[in-house]
**Student:** 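Would you mind keeping the following structure in view while I ask a few things?
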Amino acid sequence: MAFFTVNLGFLVTVFLSATFSRAHPGLGFGWGGGSGTGGHGQFGGGAVGLFPQFYQFSCPQVNDIVMSVLEKAIARDPRMAASLLRLHFHDCFVQGCDASVLLDDSATIVSEKKSGPNLNSLRGFEVIDEIKAKLEEQCPQTVSCADIVALAARGSTVLSGGPSWELPLGRRDSKTASLTGSNTNIPPPNSTLQNLITMFNRQGLDEVDLVALSGGHTIGVARCVTFKQRLYNQNGNNQPDETLEKTYYLGLKSICPKSGGDNNISPLDFSSPARFDNTYFKLLIWGRGLLNSDEVLLTGNVGKTMELVKIYAEDGDLFFKQFAKSMIKMGNISPLTGFNGEIRNNCRRVN
């Protein structure tokens, strides 16, 4: 009987902690709490008010529902895994991980979907809609769209053969979007290394996070328009990027002509485009990184990023561990918690 009493007491404590944390964002009951831009650790961690067990009582089947939708979506379209991973990144870098990227135009919203980095490029909205609809059936007005995006990014990584991580949850959804922020805060594909470092630092992410998170390009594709400059006019002299390996360069030219073909696509990691592994880093060393923002991690004259590329190329396990840590840290960028924001009924519009 004593054993039962102790365990019941523990459950009540956890339940009250979860309830209290929802209502009071300044008081974190997270495992490995930290600041809005990211307390984190190898096995978990969260911003104040976020913790992995957030839906333990209110919607315990949340991850099962997310994964069931993802499995079908990625089976239909293997590119979808990379698209959902990218969606989380483009969300978090604009006013925090708050699902602002999902909002459509309305009388009060100018959608981030129209920004330069997102227009005709960002995908996966229908998959998020499907997950949300299924969760609303099972746990009405409980799971935020911001948490769905974070869970979908983790699930997509796992289903592609990558690492999992203990994901802090409890984000709430924004009532605003920022087209300007989307145009200015997301690093462009032709970024210099210093520009990448600056933009990541602005989000509370360092060079280790930059290199590890760039490794997400081990899956997915990019449009010709994002790497055309490297093929034909890298430095304004009508010459290609001299860091491109010649055979790879010639192959890219056949996909991406000098004029037209902007929406033609090429894999970011041509050797295993649907498998999450460390081949991306090996390709950088061989001069076969697709985007300028990929290759400069090695060639950009910053010893730390160059060294990390070489380390991750040699040690896939270390890359997986750091990718997981950096994804937790990115997912902790300025979340809305407590009474801030809302739980949207429809991820495309405010309530």
**Student:** Between Phe54 and Phe51, is the gap from one ring center to the other below 6.0 Å?
**Tutor:** yes
**Student:** Under the 3.5 angstrom rule, does the side chain of Asn278 hit a backbone N or O of Tyr312 as a donor-acceptor pair?
**Tutor:**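 Such a contact is found between Asn278 side chain and Tyr312 backbone.
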**Student:** Gln234: which residues meet the side chain to side chain contact (heavy atoms under 4.5 Å, CB included) condition with it, sequence neighbours left out?
**Tutor:**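 Only Gln229, Arg230, Asp241, Asn292 meet the side chain to side chain contact (heavy atoms under 4.5 Å, CB included) criterion with Gln234.
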**Student:** Just how far is it from atom CG of Leu122 to atom CG of Leu84, taken to the nearest 0.5 Å?
**Tutor:**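 If I round to the nearest 0.5 Å, the distance is 9.5 Å.
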**Student:** Measure the spacing between CG of Leu119 and CD of Glu112 and express it to the nearest 0.5 Å.
**Tutor:**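 Spacing of CG (Leu119) from CD (Glu112) equals 13.0 Å.
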**Student:** Under the side chain to side chain contact (heavy atoms under 4.5 Å, CB included) test, which residues partner Asp317, sequence neighbours left out?
**Tutor:**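 Result, side chain to side chain contact (heavy atoms under 4.5 Å, CB included) vs Asp317: Asp315.
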**Student:** Below 3.5 Å, can you tabulate the donor-acceptor pairs from side chains in residues 296-309 to any protein atom, sequence neighbours excluded?
**Tutor:**
residue: Thr299; atom: OG1; partner: Glu295; partner atom: O; Å: 3.2
residue: Thr305; atom: OG1; partner: Leu297; partner atom: O; Å: 2.8
residue: Thr305; atom: OG1; partner: Val302; partner atom: O; Å: 3.2

**Student:** Would you please name every residue forming a salt bridge (charged side-chain N to carboxylate O under 4.0 Å, His left out) with Asp91, sequence neighbours left out?
**Tutor:**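 Counting only residues at least two positions away or on another chain, Asp91 forms no salt bridge (charged side-chain N to carboxylate O under 4.0 Å, His left out).
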**Student:** Can you check whether Phe125 reaches Asp104 side chain to side chain, under 4.5 Å on heavy atoms?
**Tutor:** no
**Student:** Sorted by first residue and then second, give each disulfide (SG to SG under 2.5 Å) pair with at least one member in residues 103-198; sequence neighbours left out.
**Tutor:** Cys59-Cys139, Cys145-Cys347
**Student:** With sequence neighbours excluded, what pairs up with Arg349 under the side chain to side chain contact (heavy atoms under 4.5 Å, CB included) test?
**Tutor:** Asn346
**Student:** Under a 4.0 Å N-O cut-off, is there an ion pair linking Arg172 with Asp98?
**Tutor:**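 The answer is no: the pair does not qualify as a salt bridge.
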**Student:** Is the closest side-chain heavy-atom distance between Ile197 and Gln194 below 4.5 Å?
**Tutor:** yes
**Student:** Scan for disulfide (SG to SG under 2.5 Å) pairs involving residues 62-121, sequence neighbours excluded, and state none if there are none.
**Tutor:**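 Found Cys92-Cys97.
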**Student:** Do the side chains of Arg275 and Thr218 get nearer than 4.5 Å, heavy atoms only?
**Tutor:** no
**Student:** Counting only N and O atoms by type, is there a donor-acceptor contact under 3.5 Å from the side chain of Glu342 to the main-chain atoms of Arg344?
**Tutor:**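 No.
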**Student:** Do you see a donor-acceptor pair shorter than 3.5 Å between the side chains of Ser115 and Asn118?
**Tutor:** yes
**Student:** Validate the cation-pi geometry between Lys310 and Phe281: distance from NZ or CZ to the six-membered ring centre under 6.0 Å, angle to the ring axis within 45°.
**Tutor:**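 Judged by the rule (NZ or CZ under 6.0 Å from the ring centre, within 45° of its axis), Lys310 is not positioned above Phe281.
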**Student:** Measure the spacing between CD1 of Ile148 and CG of Leu87 and express it to the nearest 0.5 Å.
**Tutor:**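 Answer rounded to 0.5 Å: 11.5 Å.
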**Student:** Please check if Leu284 and Trp286 belong to a single hydrophobic cluster, counting links between Ile, Leu, Val, Met, Phe, Trp and Tyr side chain heavy atoms closer than 4.5 Å.
**Tutor:**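 Shared cluster, yes.
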**Student:** Measuring from atom CZ of Arg86 to atom CG of Leu268, what distance do you get when rounded to the nearest 0.5 angstrom?
**Tutor:**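 Reported to 0.5 Å precision, the distance equals 9.0 Å.
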**Student:** Taking Lys132 for its side chain and Val143 for its backbone only, find out whether a donor-acceptor pair lies under 3.5 Å.
**Tutor:**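 It does hold such a pair.
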**Student:** With a 4.5 Å heavy-atom cut-off, do Leu213 and Phe200 have their side chains touching?
**Tutor:** yes
**Student:** Indicate yes or no: at least one non-hydrogen side-chain atom of Pro240 is less than 4.5 angstrom from one of Tyr249.
**Tutor:** yes
**Student:** Do Val158 and Ile74 sit in the same hydrophobic cluster, where Ile, Leu, Val, Met, Phe, Trp and Tyr count as joined when their side-chain heavy atoms come under 4.5 Å apart?
**Tutor:**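 Result: no, two separate clusters.
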**Student:** If you define the side chain from C-beta out and look only at heavy atoms, does anything of Leu85 sit under 4.5 Å from Met327?
**Tutor:**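 Yes, their side chains come closer than 4.5 Å.
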**Student:** Rounded to the nearest 0.5 Å, how far apart are CG of Leu250 and OG of Ser254?
**Tutor:** 8.5 Å
**Student:** Would you call Ser266 and Leu290 a side-chain contact if the rule is heavy atoms closer than 4.5 Å?
**Tutor:** yes
**Student:** Any link between Leu103 and Phe89 through a network of hydrophobic side chains (Ile, Leu, Val, Met, Phe, Trp, Tyr) touching at under 4.5 Å?
**Tutor:**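 No; tracing contacts between hydrophobic side chains, which count when under 4.5 Å, never links both residues.
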**Student:** Got a second to check how far Phe93's CZ is from His88's NE2, nearest 0.5 Å?
**Tutor:** 10.5 Å
**Student:** Is the backbone N or O of Ser156 less than 3.5 Å from a side-chain atom of Ser160, with the two atoms forming a donor-acceptor pair by type?
**Tutor:** yes
**Student:** Could you tell me whether Glu245 atom CD has more than 12 heavy atoms of other residues or ligands within 6.0 Å of it?
**Tutor:** yes
**Student:** For the side chain of Arg154 and the backbone of Trp165, is there at least one donor-acceptor N/O pair under 3.5 Å apart?
**Tutor:**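 Answer holds: yes.
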**Student:** Go through the steps for Phe276 and Phe320 under the test ring-ring contact (aromatic ring centres under 6.0 Å, His included), then give the verdict.
**Tutor:** CA-CA 9 Å; Phe276 198 102; Phe320 274 28; 5.7 Å; yes
**Student:** I need the full list of salt bridge (Lys or Arg N to Asp or Glu O under 4.0 Å) pairs touching residues 61-85, with sequence neighbours left out, sorted by first then second residue.
**Tutor:**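 Non-adjacent pairs meeting salt bridge (Lys or Arg N to Asp or Glu O under 4.0 Å): Asp77-Arg123.
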**Student:** Between Asp129 (side chain only) and Ala133 (backbone N and O only), is there a donor and an acceptor less than 3.5 Å apart?
**Tutor:** no
**Student:** Are Tyr248 and Leu283 connected in a single hydrophobic cluster, I mean Ile/Leu/Val/Met/Phe/Trp/Tyr linked by side-chain heavy atoms less than 4.5 Å apart?
**Tutor:** yes
**Student:** Hey, is the main chain of Asn237 close enough, under 3.5 Å, to the side chain of Asn235 for a donor-acceptor pair?
**Tutor:**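 Not a single qualifying donor-acceptor pair exists.
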**Student:** Is a side-chain donor or acceptor of Ser293 paired with a backbone partner of Asn190 at a separation under 3.5 angstrom?
**Tutor:** no
**Student:** Could you work out, with side chain to side chain contact (heavy atoms under 4.5 Å, CB included) as the rule, every residue matching Thr108, not counting sequence neighbours?
**Tutor:** Ser106
**Student:** Within the distance-only criterion (no hydrogens, no angle test), does the side chain of Thr198 pair as donor or acceptor with the backbone N or O of Leu196 below 3.5 angstrom?
**Tutor:** no
**Student:** Using the rule that two of Ile, Leu, Val, Met, Phe, Trp, Tyr join whenever any of their side-chain heavy atoms come within less than 4.5 Å, decide whether Ile65 and Met67 are in one cluster.
**Tutor:** yes
**Student:** Could you identify which residues cluster with Val221, counting Ile, Leu, Val, Met, Phe, Trp and Tyr as linked when any side-chain heavy atoms lie under 4.5 Å apart, either directly or through a chain of such contacts?
**Tutor:** Ile265
**Student:** Using ring centroids (six-membered ring only for Trp), state whether Phe270 and Tyr280 fall under 6.0 Å.
**Tutor:**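 Aromatic pair excluded; centres sit 6.0 Å or further apart.
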**Student:** Any salt bridge between Lys228 and Asp262, counting N to O under 4.0 Å?
**Tutor:**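 Yes.
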**Student:** How would you list all residue pairs meeting disulfide (SG to SG under 2.5 Å) that involve residues 182-249, not counting sequence neighbours?
**Tutor:** Cys224-Cys256
**Student:** Would you check if the side chain of Asp294 reaches a backbone N or O of Gly289 as a donor-acceptor pair within less than 3.5 Å?
**Tutor:** no
**Student:** Got a sec, which hydrophobics cluster with Met199, joining ILVMFWY side chains under 4.5 Å apart, including via others?
**Tutor:**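 Noted: Met199 shares its cluster with no other residue.
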**Student:** Any chance the side chains of Ser271 and Asp269 put a donor and an acceptor closer than 3.5 Å?
**Tutor:**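 Distance-only check passes for Ser271 and Asp269.
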